[in-house]
2 protein chains.
Amino acid sequence: MNLPQFCSTGATIQDVAEKAGVSKKTVSRVINSEDYVTEKTARKVHDAIAALGYVPNVSAQRLASKRSYVLTLVYQAEEPPGWLTHVIQGIVQKAAEHGFEVVIHPSEVDEAASQQSLQALVMRGGTDGLILLPPFASDTEFNQHLFEGGMALASIEPSNPDLPWLVATITNHQGALEMTEYLLGLGHRRIGFILGPEAYSGSWERLDGFNDALKAAGVVANKELIVSGDYTFESGLAQGRVLLAVKPRPTAIFASNDEMAAGVIQAAYEKNLRVPDDISVVGFDDSTLACRLSPPLTTIRQPTIELAAKVTEALIRTINDDTQADGDTRIEMTTSLVVRASAGKP
Amino acid sequence: MNLPQFCSTGATIQDVAEKAGVSKKTVSRVINSEDYVTEKTARKVHDAIAALGYVPNVSAQRLASKRSYVLTLVYQAEEPPGWLTHVIQGIVQKAAEHGFEVVIHPSEVDEAASQQSLQALVMRGGTDGLILLPPFASDTEFNQHLFEGGMALASIEPSNPDLPWLVATITNHQGALEMTEYLLGLGHRRIGFILGPEAYSGSWERLDGFNDALKAAGVVANKELIVSGDYTFESGLAQGRVLLAVKPRPTAIFASNDEMAAGVIQAAYEKNLRVPDDISVVGFDDSTLACRLSPPLTTIRQPTIELAAKVTEALIRTINDDTQADGDTRIEMTTSLVVRASAGKP
DNA sequence: TTGTATGCGTTATCAT
DNA sequence: ATGATAACGCATACAA
């Protein structure tokens with residue numbers, strides 16, 4: 001299976017140059033649409049390219065230009081699939097626009113092998129930029145090392161947004177605030193809250209938004225109604241059971257992401273409680289899961305695709321510019337409330 | 001940001017050769033662990049590599065070897081996220097084992113741009129093999145063209161499994177048969193069925209399995225209870241509403257994938273019908289969605305990760321062998337029934 | 001067992 | 001505006 005030109009004709013830039021009666025460099029100029037080429041010459045070259053069915057060899061381009069035109073996405077395999085695919089969609093879309101390929105790199109947090117293979121990829125010049133998802137998005141020694149070495153980095157929703165490289169986040173506080181106000185507006189006063197992973201600053205921002213809304217409404221927060229999850233369905237199920245056992249039972253539960261909200265709904269189902277008649281349940285993210293649940297989940301929409309697209313564009317700009325990202329290394333996208341059917345009056 | 005050796009020391013094979021006092025070729029031999037190298041020489045080389053922090057440049061390797069060490073996954077963005085991420089997981093796992101990177105290529109079916117960018121990738125020597133998901137996995141002119149050109153191809157669950165290249169499928173017929181027998185065993189006689197896309201042979205295999213089980217049990221299939229969906233949640237919701245309106249109402253609904261089953265559950269919810277007390281609902285795939293639904297979905301498990309891993313391994317073998325895939329170009333994985341809580345006695 | 005010379009298909013430099 | 005020539009960093013054939 002060593003047929004390099006299985007579909008391409010195998011013509012090289014040299015062939016084109018000869019056919020067009022110009023030098024290789026001139027062909028190269030035309031390909032890369034550089035300046036200083038007569039229209040007439042350009043036409044000759046284009047004709048030759050068409051006649052020969054010439055396609056530039058990407059490996060040669062990469063070697064000569066010292067760039068890979070590859071962006072690598074680093075994430076953990078357990079990431080919620082809906083969110084992940086949206087991230088991928090946004091990245092690939094922008095990457096394609098700029099002639100970049102996207103390489104996928106699911107890693108295991110503790111497994112040295114995957115970290116090592118990433119390092120290998122990076123060190124071998126296999127990628128021009130890294131897009132990091134939690135938990136890899138944070139301020140690790142490895143990332144610092146890469147950044148100082150000049151690698152272009154972008155973190156999406158890092159555990160701590162205070163990084164020297166490109167960071168994309170959403171308005172966690174505002175989103176949680178808005179959702180809580182909505183619940184309050186419905187008449188709820190005893191609202192349970194399930195926290196995300198404690199290592200993520202975004203988890204705390206969401207909790208703060210929740211608490212601030214309560215405070216503004218003069219509602220006393222009940223410590224018993226705030227429990228810790230970790231963004232997984234399982235933790236939502238477990239903590240949902242806990243919250244539903246509290247007496248008197250909360251009238252609403254705000255799970256700080258959709259996966260956990262699905263868990264809460266299941267916990268309610270187990271207890272034969274109707275959502276939203278007996279208990280209101282809301283989430284955060286507006287993942288693909290949200291509208292597939294019954295009832296469809298009221299949640300906070302996170303513009304994931306757009307966010308990913310924006311970061312990618314910024315990252316590519318960083319890569320193309322010789323200048324270090326000066327100025328806007330922070331991207332923040334605003335969330336919005338999506339009212340579906342999982343929350344009602346108490 | 002043009003620092004090629006941001007982390008690598010920028011040492012080349014030449015530097016290593018000089019430091020070790022050997023030729024470039026010898027270093028190359030050591031790197032690629034070829035035969036005929038004295039242990040002593042190898043040690044010298046390894047020392048030099050370590051001292052210099054040398055890492056082979058991947059672009060140079062690719063250019064010289066005329067191979068990209070890249071596998072490209074072609075799929076449509078709307079693919080169910082759970083299934084897709086599992087496919088990716090399986091592919092990346094095996095790819096990494098063999099030193100291959102995985103490039104992602106979400107395409108729009110009708111959009112010429114994405115097809116073109118794929119063709120470009122392929123023609124420029126940017127990939128050694130293609131893994132095709134529906135609807136791209138089928139017998140298109142483009143794929144034929146690639147195959148005849150010598151490109152290594154693998155299709156996962158193609159619409160028609162009768163392809164000259166590597167094909168991976170699951171036991172659709174057997175799975176649907178088993179599920180129907182389970183439903184029958186529970187006592188159901190009026191069972192609704194929601195068909196997948198009519199263009200997919202897998203859809204018909206599942207329907208055949210369903211019908212064969214009914215026939216074997218001596219149950220007369222009711223035409224009214226068989227409706228057409230397209231594997232999307234929305235179609236499941238729509239056809240679920242249709243089936244639930246049939247008089248007398250079916251006691252169970254077999255949606256031929258989990259997404260559609262989620263739609264049926266929502267349709268039941270809308271009508272205030274309890275699952276499984278009032279109506280049993282089952283799916284097919286055992287996607288990540290299945291256990292997040294309430295009640296957790298009884299379904300047919302499809303070993304997606306293993307399937308993807310197997311195809312990938314076979315594909316890489318095809319790429320590495322100079323021989324065309326002789327013999328096993330077909331991989332079939334067996335499904336299994338997963339009993340959860342969405343089906344009960346009628 | 002090791003080395004030499006050459007090729008891979010571009011881009012980059014510096015002339016002209 | 002265009003071209004000759006040298007990188008780019010490794011692999012490969014063939015010698016030794």
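Quick note on labels: first sequence line is chain A, next is B, and so on, each numbered from 1.
For the pair B:Asn57 CG and D:dC8 P, the interatomic distance rounds to 11 Å; values are reported in whole Å. Distance NZ (A:Lys25) to C1' (D:dT2): 11 Å, rounded to an integer number of Å. Per the geometry, CG belonging to B:Asn32 stands 8 Å off P belonging to D:dT12, to the nearest Å. Taking atom CD of residue A:Glu18 and atom C1' of nucleotide D:dG3, one finds them 14 Å apart after rounding to whole Å. Here the C1' atom of nucleotide C:dG3 and the CD1 atom of B:Ile13 are 13 Å apart, to the nearest Å. One atom, CD of A:Gln14, and another, P of C:dT6, lie 18 Å apart when rounded to the nearest Å. The separation between B:Glu34 atom CD and D:dA13 atom C1' is 12 Å, rounded to whole Å. The NZ atom of B:Lys44 sits 15 Å away from the P atom of C:dT1 (whole-angstrom rounding).
The shortest distance between the side-chain N/O atoms of B:Thr12 and the OP1/OP2 oxygens of D:dG9 is not below 4.0 Å. Applying the 4.0 Å criterion to OP1 and OP2 of D:dA11, one finds that B:Ser28 has a side-chain N or O inside that range. Applying the 4.0 Å criterion to OP1 and OP2 of C:dT11, one finds that A:Gln61 has a side-chain N or O inside that range. Between B:Thr26 and the phosphate of C:dG3, there is a side-chain N or O to OP1/OP2 separation shorter than 4.0 Å. For A:Tyr69 and C:dT11, the shortest distance from a side-chain N or O to OP1 or OP2 is not below 4.0 Å.
The residue among B:Thr38 and A:Ser59 whose nearest nucleotide of DNA chain C lies closer to the 5′ end is B:Thr38. Closest-nucleotide positions on DNA chain C for B:Leu63 and B:Gly21 were compared, and the one nearer the 5' end corresponds to B:Gly21.
Nucleic acid contact for A:Arg29: base, since at least one base atom lies under 4.0 Å from a heavy atom of the residue. Residue-level contact check: B:Val22 touches the backbone only, with heavy atoms under 4.0 Å from sugar-phosphate atoms and none from bases.
Set against C:dT2, C:dT10, C:dC8, the side chain of B:Val37 has C:dT2 as its closest nucleotide. Between D:dA4, C:dT10, C:dT4, one nucleotide has an atom nearer to the side chain of A:Ala60 than all others, and that is C:dT10. Candidate nucleotides D:dA11, D:dT2, C:dC8 were compared by shortest atom distance to the side chain of B:Lys66, and C:dC8 ranks first. Relative to the side chain of A:Ala64, the nucleotides C:dT10, C:dG3, D:dA11 differ in distance, and C:dT10 lies closest. When distances run from any side-chain atom of A:Tyr36 to the nucleotides D:dA1, C:dT11, C:dT1, the shortest one goes to D:dA1. Side-chain atoms of A:Ser65 lie closest to C:dT11 of the nucleotides D:dA4, C:dT11, C:dG7.
When atom types are taken as modelled, the side chain of A:Thr127 and the backbone of A:Val70 share a donor-acceptor pair closer than 3.5 angstrom. Not one N or O on the side chain of B:Asn320 forms a donor-acceptor pair closer than 3.5 Å with the backbone of B:Arg317. No side-chain donor-acceptor contact under 3.5 Å links A:Asn32 to the backbone of A:Glu34. Between the side chain of A:Arg330 and the backbone N or O of A:Pro161, at least one donor-acceptor pair lies under 3.5 Å.
For the residue pair A:Ser68/A:Asp128, the side-chain donor-acceptor check at 3.5 Å is satisfied.
Residue-environment remark: NZ (A:Lys25) exceeds the threshold of 12 foreign heavy atoms within 6.0 Å.
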